[in-house]
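What follows is a short report on a single structure.
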2 protein chains.
Amino acid sequence: MTLDPPWQPPAWELDPSQPLYEQIAHRIRVEIAASRLPGGTRLPSVRDLAASLRVTPNTVMRAYAELEQDGLLETFRGQGTFVARSSGVEARAQARIARQALEHVRRVAADLGMRVEDLLRLGAEAGGGEDDDAGSHRV
Amino acid sequence: MTLDPPWQPPAWELDPSQPLYEQIAHRIRVEIAASRLPGGTRLPSVRDLAASLRVTPNTVMRAYAELEQDGLLETFRGQGTFVARSSGVEARAQARIARQALEHVRRVAADLGMRVEDLLRLGAEAGGGEDDDAGSHRV
DNA sequence: TAAGTGTATTAAATCACATGATACACTCAG
DNA sequence: CTGAGTGTATCATGTGATTTAATACACTTA
């Protein structure tokens, strides 16, 4: 049996200026973190996803491999690639992304000798546009 | 006259895994933003900085060019490259960096369907280590 | 058996980045 | 004027990561 029909990725535009396999991995990581890909969900086959992204199977493979390395995916030869069933996949995906984001702003803030809260507030004032008042509180 | 003795950059380690010219530009941008390079300060000559960084003059040129593009530097043939005298160089450098940082966390937060404040708090909880309580306030 | 999975290998093309060498244009102290 | 020190331009070359392309193999299941 072909089990379940695999998950259908939303329309993606790949930016040629960034590594394709990184972008693919990132999109999937985000989908998992956003709880739109529950544990056990079957991903498109390497060949299918490659075809729909106009990319080589090799490239998709590399993305899948990276995510498997992170423990977000698990693959079974002959069956397919699935979102890991281990408890807390979403949580781990979220944690990784959030931690990186925090580290990033912390590093930038440290560069400028500012606190994170002040950095973000300044960013909002400086054409940050959008909503989000960015501040006046500890971060 | 050779005017003033040029600014002496702190010891830098360049990461081979990232574009050298980007790193150089970034470091200088940060120095300006952190008010450690007042307007009018003379930068090392292209050749000198290149030599001290064990890099080709071409690479330093590219970094300087990028910063001139941003209006942070101005160069005078035969004299050297200087931090722009226009009012608010530090402010503009800060603004650019802060805006980019904010945009970054906003994009990541949006990906996860979270608010910036929640993203950062989560990052802090997830092994963010360090100080900075990351939260419980609007950002 | 056949179709569909993941996986591995190899060769080649591409591209941004960096080097190295050289030459030119300009400014200024002497 | 001269020469040393600036920025600037150009060209050929090298390098490394990325990607393509074409195969081939191993496994699972209808």
Side-chain angles (χ1 to χ4, degrees), chain A residues 1-9 12-28 40-84, chain B residues 1-9 12-28 40-69 72-84:
Chain A
M1 55 155 158
T2 26
L3 293 172
D4 296 335
W7 167 71
Q8 198 65 6
W12 282 347
E13 336 94 42
L14 295 184
D15 175 5
S17 78
Q18 302 240 320
L20 305 181
Y21 76 95
E22 287 278 18
Q23 297 178 58
I24 298 171
H26 179 256
R27 304 300 266 274
I28 296 176
T41 305
R42 181 174 167 221
L43 295 185
S45 82
V46 168
R47 292 172 178 83
D48 283 353
L49 185 52
S52 82
L53 292 180
R54 305 325 228 53
V55 149
T56 281
N58 246 331
T59 302
V60 175
M61 253 297 293
R62 195 166 171 184
Y64 279 9
E66 181 170 307
L67 294 170
E68 191 177 9
Q69 187 86 1
D70 289 1
L72 294 185
L73 299 184
E74 46 192 12
T75 76
F76 304 96
R77 295 180 73 113
Q79 304 187 52
T81 303
F82 304 80
V83 178
Chain B
M1 53 156 161
T2 25
L3 292 172
D4 296 336
W7 167 72
Q8 197 65 6
W12 283 348
E13 337 92 45
L14 295 184
D15 175 5
S17 78
Q18 301 241 320
L20 304 181
Y21 79 95
E22 286 279 19
Q23 296 178 59
I24 298 171
H26 179 255
R27 303 302 264 274
I28 296 176
T41 304
R42 182 176 168 219
L43 295 185
S45 83
V46 168
R47 291 171 178 83
D48 283 354
L49 184 53
S52 84
L53 293 180
R54 303 330 227 49
V55 150
T56 281
N58 247 333
T59 303
V60 175
M61 252 299 292
R62 196 166 171 183
Y64 280 9
E66 181 169 307
L67 294 170
E68 193 178 8
Q69 187 86 359
L72 294 184
L73 299 184
E74 45 193 12
T75 77
F76 304 95
R77 295 180 74 112
Q79 303 185 53
T81 303
F82 304 81
V83 178

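Letters A, B, ... mirror the listed sequences (proteins, then strands); counts begin at 1.
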Atom [atom1] of [X] to atom [atom2] of [N]: distance rounded to whole Å?
X	N	atom1	atom2	result
A:Trp7	C:dT5	CH2	C1'	18 Å
A:Arg77	D:dC25	CZ	C1'	8 Å
A:Arg62	D:dA17	CZ	C1'	7 Å
A:Phe82	C:dG6	CZ	C1'	11 Å
B:Leu53	C:dC17	CG	P	18 Å
B:Met61	C:dA23	CE	P	19 Å
B:Gln23	C:dA18	CD	P	8 Å
B:Arg54	C:dG20	CZ	P	11 Å

Output the single nucleotide from [options] whose closest atom is nearest the side chain of [X].
X	options	value
B:Thr56	D:dG7, C:dT19, D:dT18	C:dT19
A:Arg42	D:dG7, C:dT5, D:dC27	C:dT5
B:Val55	C:dT19, C:dT27, D:dT8	C:dT19
A:Leu20	C:dC17, D:dT20, D:dC27	D:dT20
B:Thr59	C:dA18, D:dT18, C:dC28	C:dA18

Drop me the distance from [X]'s [atom1] to [Y]'s [atom2], to the nearest 0.5 angstrom.
X	Y	atom1	atom2	value
B:Arg54	B:Thr59	CZ	OG1	14.0 Å
B:Leu49	B:Gln8	CG	CD	9.0 Å
B:Leu73	B:Ile28	CG	CD1	6.5 Å
B:Gln23	B:Glu13	CD	CD	9.5 Å
B:Thr56	B:Arg47	OG1	CZ	12.0 Å
A:Ile24	A:Leu67	CD1	CG	10.0 Å

**Message:** Less than 3.5 Å apart, any donor N or O on the side chain of A:Asp15 or A:Ser17 sitting next to an acceptor on the other?
**Reply:**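 Yes.
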
**Message:** Go nucleotide by nucleotide along DNA chain D from the 5' end; which of A:Gln18 and B:Glu68 gets its closest nucleotide reached first?
**Reply:**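 The residue closer to the strand's 5' end, by nearest nucleotide, is B:Glu68.
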
**Item:** Check against side-chain contact (heavy atoms from CB on, under 4.5 Å), A:Glu22 and A:Glu66
**Value:** CA-CA 9 Å; A:Glu22 287 278 18; A:Glu66 181 170 307; 3.3 Å; yes

**Prompt:** Which ones in residues 45-52 of chain B lie close to DNA chain C, meaning a heavy atom under 4.0 Å from one of its atoms?
**Reply:**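 Only B:Arg47 qualify.
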
Verify the contact: side-chain N or O of [X] to OP1 or OP2 of [N], cut-off strictly under 4.0 Å; return yes or no.
X	N	value
A:Tyr21	D:dT18	yes
A:Thr75	C:dT7	yes
B:Gln79	C:dC28	yes

**Asked** Donor-acceptor pair under 3.5 Å: do we get one between B:Asn58's side chain and the base of D:dT8?
**Response**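 No such pair is found, so the answer is no.
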
